[in-house]
S.K.: 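The structure under discussion is supplied below as structure tokens; questions concerning it will follow.
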Amino acid sequence: MGRPERGLDAIDGPVERFVAELRDLRRTAGNPSYRELARRAHYAPTTFSSALSGYRLPTLVVTLAFVTACEGDVVRWEERWRLADSQAREGATRSAEGVGRAPYRGLGAYQPHHAEWFFGRDRLINRLVGMLSVRRAIVVSGPSGTGKSSLLRAGLMPRLGALPVRPAFMPILMTPGRHPAAELSRRIAEIAARTPHEVALTVIVDQFEEIFTGGMGGAEQAEFLAALRALIQSPHGRHRVVVGVRADYSERTADLLATADNGVGRLAVAEMTGPELRESIVRAARQAGLAVERALVARIAAAAPGTPHALPRISHALLEAWRRRRGVVITVGGYDAAGEIAGAVEQTAESVYAALDVSGRQALRGTLLRLARLEGNGGVTLLGPVPIGANPAVVTAVGRMAFAGLLATTPETVEIPHEALVTAWPRLRAWLRGGDILRVGAPQRVLSAAVSVGVLAPVRVSDAAGGRP
């Protein structure tokens, strides 16, 4: 005979209520043993007994497998699960327990003002800083999701002002955007106006691949490249140009920046090593006064290699685990409930989507279709920021997605912070392909549709996001 199940009180909270309802479903199905349910669902018996312990919300995948084994209504139970998940996350957010700042960034890149939370890349930062003394142009390249933007923004930028060089490096951080040559000229003029003495400019261009993928005209591209080469070839040799670019455009970028007198330095950004990843997780938590269960760090380190867009997906899973922390400890249970690396982005996005009314869902779909496109080769191109406008349904939908860390906002604009949102959220990919079918990643490949559960009040973008994540 198995151990008695932990007693649950419906007033305990959303997790306890949900698990109590799952137990009732089992009793309605004739109270089959966990071993029998596991046989039907092709799971280990301990998976179901742990899921119904009441200590944490079971994952959506396990919940649907359990419901299917009990011959329950998977669509209705998915609705119940999303309601419980939303309520549990809201409760975790309200109970800040003295820890006011999240140590992880979700899908967004670390910015210069996040340097205190950025760990695990000292080796690459030191190499990059060292290259500045011998190379006028440097190409930082790597696959999407390896942390190039964070390396440049939160790693290199804060170091520039502390370097013992004269004149000091004056950084200009930019992305190509629509008119990069004009933007660069404006930024240089601003520095000249407020700095009477000579300066050494360090122009850092993140997401340089936009000059190839963003529909930029040939004349605009040529003007921008000419401006960068003029800085590289400056007679006094003080200026530097550092670009971050996706690996598939690195050779082309290096060729465009090379000059007769100046070769281009190359720095490849690969996946974090195991020790680097552990440092990035544990030291960021420690900075926030938190601890991370060792088993959780080991789980992530084992799952990360080979995962597409690994770092932003890890960061989002950890952000969701942080929302579900127990006291000052980020736990394996919170990580599992968040959906782990593989499912956290989809789970969070679907929870936000399910809580929107019909107009909110339509507004979210319309907004996201303006922010990305799928390429014929299966790749994703992000289309940059677009105005949010004043439509209340759009403002609410965007605000909730930004609060969840899935969209980046300013008071006026919204954009997708990383293509991982597209690759990890099947519904969004279906929209971009012109369809509207969601495939839930359960072992039985259950097809279901989330419905509005109306648990969230309207959120203003300025309240929810407070700026770009």
Side-chain angles (χ1 to χ4, degrees), residues 109-115 118 121 124-141 148-212 214 216 219-245 249-250 252-267 269:
Y110 286 76
Q111 302 297 328
H113 60 278
H114 299 135
F118 184 65
R121 286 301 199 187
L124 282 181
I125 296 171
N126 291 335
R127 283 186 60 194
L128 185 53
V129 169
M131 293 172 71
L132 289 173
S133 64
V134 296
R135 294 290 188 183
R136 298 188 187 186
I138 302 171
V139 173
V140 178
S141 64
K148 300 181 298 296
S149 292
S150 295
L151 176 69
L152 295 176
R153 295 166 182 264
L156 176 61
M157 283 276 291
R159 289 277 189 97
L160 291 177
L163 294 178
V165 295
R166 293 294 180 269
F169 285 125
M170 183 73 69
I172 295 177
L173 174 63
M174 62 181 294
T175 56
R178 299 186 185 280
H179 304 291
E183 175 64 13
L184 177 57
S185 178
R186 183 186 68 80
R187 300 281 293 277
I188 292 175
E190 285 181 351
I191 292 175
R194 68 173 185 263
T195 309
H197 52 79
E198 292 183 341
V199 297
L201 297 176
T202 302
V203 178
I204 302 171
V205 188
D206 192 15
Q207 299 170 36
F208 193 79
E209 64 271 10
E210 287 182 5
I211 75 167
F212 310 116
M216 186 181 298
E220 185 78 45
Q221 184 185 107
E223 185 180 3
F224 183 47
L225 290 169
L228 295 179
R229 283 195 291 263
L231 289 170
I232 295 168
Q233 294 176 294
S234 59
H236 49 67
R238 288 195 297 264
H239 303 319
R240 300 289 184 268
V241 172
V242 182
V243 302
V245 67
Y249 290 100
S250 62
R252 187 175 177 185
T253 299
D255 290 342
L256 290 171
L257 294 180
T259 67
D261 300 323
N262 298 282
V264 176
R266 307 287 292 273
L267 181 68
V269 181

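Bear in mind that the values here come from a model prediction, so they are computed numbers and not experimental data.
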S.K.: Would you check if the side chain of Arg136 reaches a backbone N or O of Ile232 as a donor-acceptor pair within less than 3.5 Å?
M.R.: yes

S.K.: Using ring-ring contact (aromatic ring centres under 6.0 Å, His included) as the criterion, list what pairs up with Phe224, not counting sequence neighbours.
M.R.: none

S.K.: Could you give the distance from CE (Met216) to CD (Glu223), rounded to the nearest 0.5 Å?
M.R.: 10.5 Å

S.K.: Any side-chain to backbone donor/acceptor pair from Glu210 onto Gly177? Under 3.5 Å, distance only.
M.R.: yes

S.K.: Would you mind reporting whether Leu267 and Arg127 have side-chain heavy atoms less than 4.5 Å apart?
M.R.: yes

S.K.: Look only at the side chain of Ser150 and the backbone of Tyr110, and say whether a donor-acceptor pair between them is shorter than 3.5 Å.
M.R.: yes

S.K.: Does the side chain of Leu201 come within less than 4.5 Å of Leu231's, by heavy atoms?
M.R.: yes

S.K.: Give, for atom CZ of Arg153 and atom CG of Leu173, the distance between the pair rounded to the nearest 0.5 Å.
M.R.: 4.5 Å

S.K.: Find the distance between CZ (Phe169) and CG (Leu156) and round it off to the nearest 0.5 Å.
M.R.: 9.5 Å

S.K.: What closest approach, in Å, do Glu209 and Val245 show between heavy atoms, and which atom pair accounts for it?
M.R.: OE1-CA, 3.4 Å

S.K.: Please confirm whether the backbone N or O of Ala182 pairs with a side-chain atom of Arg187, one donor and one acceptor, at under 3.5 Å?
M.R.: no

S.K.: A side-chain contact here means heavy atoms from C-beta on lying under 4.5 Å apart; do Asn126 and Arg159 qualify?
M.R.: yes

S.K.: Determine whether Val140 and Val243 satisfy the following criterion, side chain to side chain contact (heavy atoms under 4.5 Å, CB included), listing intermediate values before the conclusion.
M.R.: CA-CA 6 Å; Val140 178; Val243 302; over 6 Å; no

S.K.: What are the two closest non-hydrogen atoms of Leu257 and Arg229, and how far apart are they?
M.R.: O-CG, 4.3 Å

S.K.: On a heavy-atom basis, which atom in Val199 and which in His239 lie closest, and how many Å separate them?
M.R.: O-CE1, 3.4 Å

S.K.: Find the distance between CE (Met157) and CD (Gln111) and round it off to the nearest 0.5 Å.
M.R.: 9.0 Å

S.K.: When rounded to the nearest 0.5 angstrom, what distance separates CG in Leu132 from CZ in Arg135?
M.R.: 12.0 Å

S.K.: How far apart are the closest heavy atoms of Met170 and Ile191, and which atoms are they?
M.R.: CG-CD1, 3.6 Å

S.K.: Using side chain to side chain contact (heavy atoms under 4.5 Å, CB included), reason through Leu228 and Leu184 one step at a time and then give a plain yes or no.
M.R.: CA-CA 9 Å; Leu228 295 179; Leu184 177 57; 4.0 Å; yes

S.K.: Would you say the side-chain atoms of Asp206 and Ser149 include a donor-acceptor pair closer than 3.5 Å?
M.R.: yes

S.K.: Can you tell me if Gln221 uses its side chain to pair, donor with acceptor, with the backbone of Ile211 under 3.5 Å?
M.R.: yes

S.K.: After noting the C-alpha distance and the side-chain angles of Ile188 and Ile172, does the key distance pass the side chain to side chain contact (heavy atoms under 4.5 Å, CB included) rule?
M.R.: CA-CA 8 Å; Ile188 292 175; Ile172 295 177; 3.8 Å; yes

S.K.: Which value, rounded to the nearest 0.5 Å, describes the distance between Arg238 atom CZ and Thr202 atom OG1?
M.R.: 11.5 Å

S.K.: Which atom names give the shortest non-hydrogen contact between Pro112 and Pro158, and what distance separates them?
M.R.: O-CG, 4.0 Å

S.K.: Are the side chains of Val242 and Val203 in contact, using a 4.5 Å heavy-atom criterion?
M.R.: no

S.K.: Begin from the C-alpha positions of Val205 and Thr175 and carry the test side chain to side chain contact (heavy atoms under 4.5 Å, CB included) through to its verdict.
M.R.: CA-CA 5 Å; Val205 188; Thr175 56; 5.9 Å; no

S.K.: If every non-hydrogen atom of Ala254 is compared with every non-hydrogen atom of Arg266, which pair is closest and at what distance?
M.R.: CB-NH1, 3.7 Å

S.K.: Any donor-acceptor pair under 3.5 Å linking the side chain of Thr253 with the backbone of Tyr249?
M.R.: yes

